[in-house]
Amino acid sequence: MGLAALITQGEVRPEEVKEAAIKAIEKVNGEVSAVIELWQDEHSNLQGPLYGVPMLVKDLGVSVSGRRNELGSRLAAGYVSAQDSVLTQKMRQAGLVMLGRTTTPELATSTTTEPSFNGGTRNPWNKRYSAGGSSGGSAAAVASGMVPAAHATDGGGSIRVPAAVNGLFGLKPSRGRISMGPEVDEVWSGLAVHGFVSRTVRDSAALLDAVQGNTPGDPFIIAAAQQTLRECAAQEPGKLKIGVMTHPLNGQRSEPEVVAALEQTIGQLIALGHQVEEAAPDIGSWDAFVEMNTRFWASNTAAWIDALAAMMNRPINADTLEPANLALWRLGHELTAVDMIGAMHMRNAVTQKMGLFYQQYDMLLTPALPALPVELGRYNLHQGNLDGRGWMHHVLTSLLLPPWLTFAAPRPCRCRWGSARRTICRSVCSF
């Protein structure tokens, strides 16, 4: 928003801002490997609310006419989009200048960005560590100062994980807020959506204001708010009832640094006058939750791979796919229509329970991640030894995925919150 204001006020020219961003990309990208293609001929003639602001797009989910869209995969290498997606059109109308593509793990089926296709993206804070995934390239580019914001997608943490790992703000919008059209109606059976990573709530709100909306035929539509999201974000929320969860439902424990950060946030919320208490939505069996997501991911990934192989006239084997996606492809072809109906039934049970939870609470506060980032190479160490379900268990249970969280059993309070905050103490303290 700061750059947009400078351009609108005539203090800088769009060409100057674009040149500065290109120089930043050229200077930094060799260290973090976040940008795989630079589009120096892109510019904007449309005087939208974000006129002249440079940004990058993820190499997956959004198509830009005449530009390569390779999905982080050897199977799609060289593919060129034939048309702009609806989101691309809206970004152009907003005046944004798309300067290139950012890295993604192959087909976005991982929470680290280390594809065989173009190598690993490094965390700009410590280059020995992962930048998260699957929007790791976009997050690393923003965190390292190449551009102020970048396009991202999220089907199972792909905005939220790299935002947390790189110290950014990442919002996964609700399904239907941003059109997925025109080539697809939904991705991963509705799990995946478009969004952005940025440094501030203000910037992400402005971006969402600029691109939200639907096109005829979209399966899900959310009416726009009477106020802009920027205006809503600037308003005092009033006194909120906030539920807190600390530890993953899968039996892991959040690391001490994570718990300490959560405790600090709780203290700030209480000081602001909000009601904060231990609370956990009941989503049923963790294993059933993993199986539900496995069926959606595997079946959709298999269909996607089949379409790419036919379009590119390439075989489906270890020369074109990484072991994890080859395993998901095999599992996807083993699943039946009855299996998918069962997954839809399980999803309905979870969403109904979550809906009831939000009848009681305004917000659910959790760590974005239960652990600190992992070193590059560690996450994919065993992918060749896992079948489709094994890989999904790894993705949904590893310390790199935002957890569904639960609590330790109540114990005597021995921390600085005191007995008046005993419900809070049980959720945040190391006993």
Side-chain angles (χ1 to χ4, degrees), residues 32-34 56 58-61 71-72 102-115 120-144 149-173 187-188 191-199 204 245-250 252 254-255 257-258 261-262 289-290 293-294 296-297 324 364-381 383 391-405:
V32 297
S33 297
L56 296 160
K58 184 177 179 178
D59 190 29
L60 181 143
L71 319 175
T102 61
T103 53
T104 182
E106 184 178 72
L107 305 181
T109 56
S110 176
T111 48
T112 187
T113 302
E114 303 177 51
T121 298
R122 294 180 284 278
N123 193 306
W125 297 98
N126 187 325
K127 298 177 184 66
R128 292 189 298 113
Y129 286 81
S130 168
S134 66
S135 305
S138 289
V142 174
S144 60
H151 162 258
T153 65
D154 192 319
S158 289
I159 289 174
R160 295 158 290 162
V161 169
V165 167
N166 290 277
L168 302 175
F169 178 76
L171 170 70
K172 179 181 181 179
V187 177
W188 280 357
L191 292 177
V193 299
H194 288 296
F196 300 92
V197 287
S198 79
R199 292 191 187 89
S204 287
M245 297 190 297
T246 305
H247 301 292
L249 186 62
N250 58 25
Q252 295 173 349
S254 295
E255 293 187 357
E257 296 92 337
V258 175
L262 181 65
F289 181 76
V290 172
N293 283 279
T294 296
F296 286 132
W297 281 40
L364 176 62
L365 176 66
T366 77
L369 294 166
L372 303 179
V374 297
E375 291 188 3
L376 284 168
R378 195 186 100 188
Y379 189 93
N380 289 332
L381 194 59
Q383 74 161 298
W391 177 250
M392 284 303 301
H393 178 81
H394 172 63
V395 170
L396 293 175
T397 306
S398 78
L399 293 178
L400 260 182
L401 190 80
W404 288 87
L405 303 167

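Position 1 is the first residue of the sequence, and the numbers go up from there. Just so it is clear, the structure is predicted and the values come from calculations on it, not from any experiment.
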key: Distance (rounded to the nearest 0.5 Å) between His151 NE2 and Ser138 OG   = 7.5 Å
ask   = Atom OG in Ser33, atom CG in Leu376: separation rounded to 0.5 Å?
value = 9.5 Å
Nearest non-hydrogen partners of Pro373 and Ser130, listed with the distance = CB-O, 4.3 Å
task = Would you confirm whether Gln383, through its side chain, and Trp391, through its main-chain N or O, come within 3.5 Å as a donor-acceptor pair?
result = no
key: Ser254 side chain to Thr246 backbone, donor-acceptor under 3.5 Å   = yes
ask   = Do Leu396 and Asn250 have side-chain heavy atoms sitting under 4.5 Å apart?
value = no
inquiry  = The criterion is side chain to side chain donor-acceptor pair (under 3.5 Å); which residues satisfy it with Thr109, sequence neighbours excluded?
reply    = Asn325
inquiry  = Just to verify, what does Glu114 make a side chain to side chain donor-acceptor pair (under 3.5 Å) with, not counting sequence neighbours?
reply    = Thr112
remark   = Hits for side-chain contact (heavy atoms from CB on, under 4.5 Å) against Ala141, two or more places apart or cross-chain, chain-then-number order -> Ala34, Leu56, Met146
query = Would you say Tyr129 and Val165 make side-chain contact, with heavy atoms under 4.5 Å?
reply = no
query = How many angstroms lie between atom CZ of Arg122 and atom OG of Ser144, to the nearest 0.5 angstrom?
reply = 11.5 Å
request  = Could you tell me the separation between the CG atom of Asp59 and the CD atom of Glu106, rounded to the nearest 0.5 Å?
outcome  = 11.5 Å
task = List the steps, then state whether side chain to side chain donor-acceptor pair (under 3.5 Å) holds for Ser198 with Ser204.
result = CA-CA 6 Å; Ser198 79; Ser204 287; 2.7 Å; yes
query = Can you find a pair of side-chain heavy atoms, one from Arg160 and one from Leu369, that are under 4.5 Å apart?
reply = no
Shortest non-hydrogen contact between Phe296 and Trp188, atoms and distance = CB-O, 4.5 Å
Worked check of side chain to side chain contact (heavy atoms under 4.5 Å, CB included) between Ile159 and Phe169 = CA-CA 9 Å; Ile159 289 174; Phe169 178 76; over 6 Å; no
message = Within this structure, what is the CG-OG1 distance for the pair Leu60 and Thr103, rounded to the nearest 0.5 Å?
response = 11.5 Å
query = Excluding sequence neighbours, so at least two apart, what forms side-chain contact (heavy atoms from CB on, under 4.5 Å) with Ala131?
reply = Thr121, Ala140, Asn166
query = Hey, what's the ring geometry for His394 with Tyr379, parallel, tilted or perpendicular (30° and 60° as the breaks)?
reply = tilted
request  = State, to 0.1 Å, how close Thr113 and Gly133 come at their nearest heavy-atom pair, and which atoms those are.
outcome  = OG1-CA, 3.6 Å
Considering all heavy atoms, the nearest Arg199-Val142 contact = NH2-O, 2.8 Å
query = Side chains of Val395 and Trp297: does their closest heavy-atom pair fall under 4.5 Å?
reply = yes
remark   = Here the gap from Leu191 atom CG to Lys172 atom NZ, rounded to the nearest 0.5 Å, amounts to 6.0 Å
message = Checking Ser134 now: which residues fulfil side chain to side chain donor-acceptor pair (under 3.5 Å) with it, not counting sequence neighbours?
response = Lys58, Ser158
task = Under the side chain to side chain donor-acceptor pair (under 3.5 Å) rule, collect the residues that match up with Glu375, sequence neighbours excluded.
result = Arg128
remark   = Shortest non-hydrogen pair, Thr153 vs His194, comes out as CG2-ND1, 3.7 Å
key: Closest heavy-atom pair and its distance - Thr111, Val161   = O-CG1, 4.1 Å
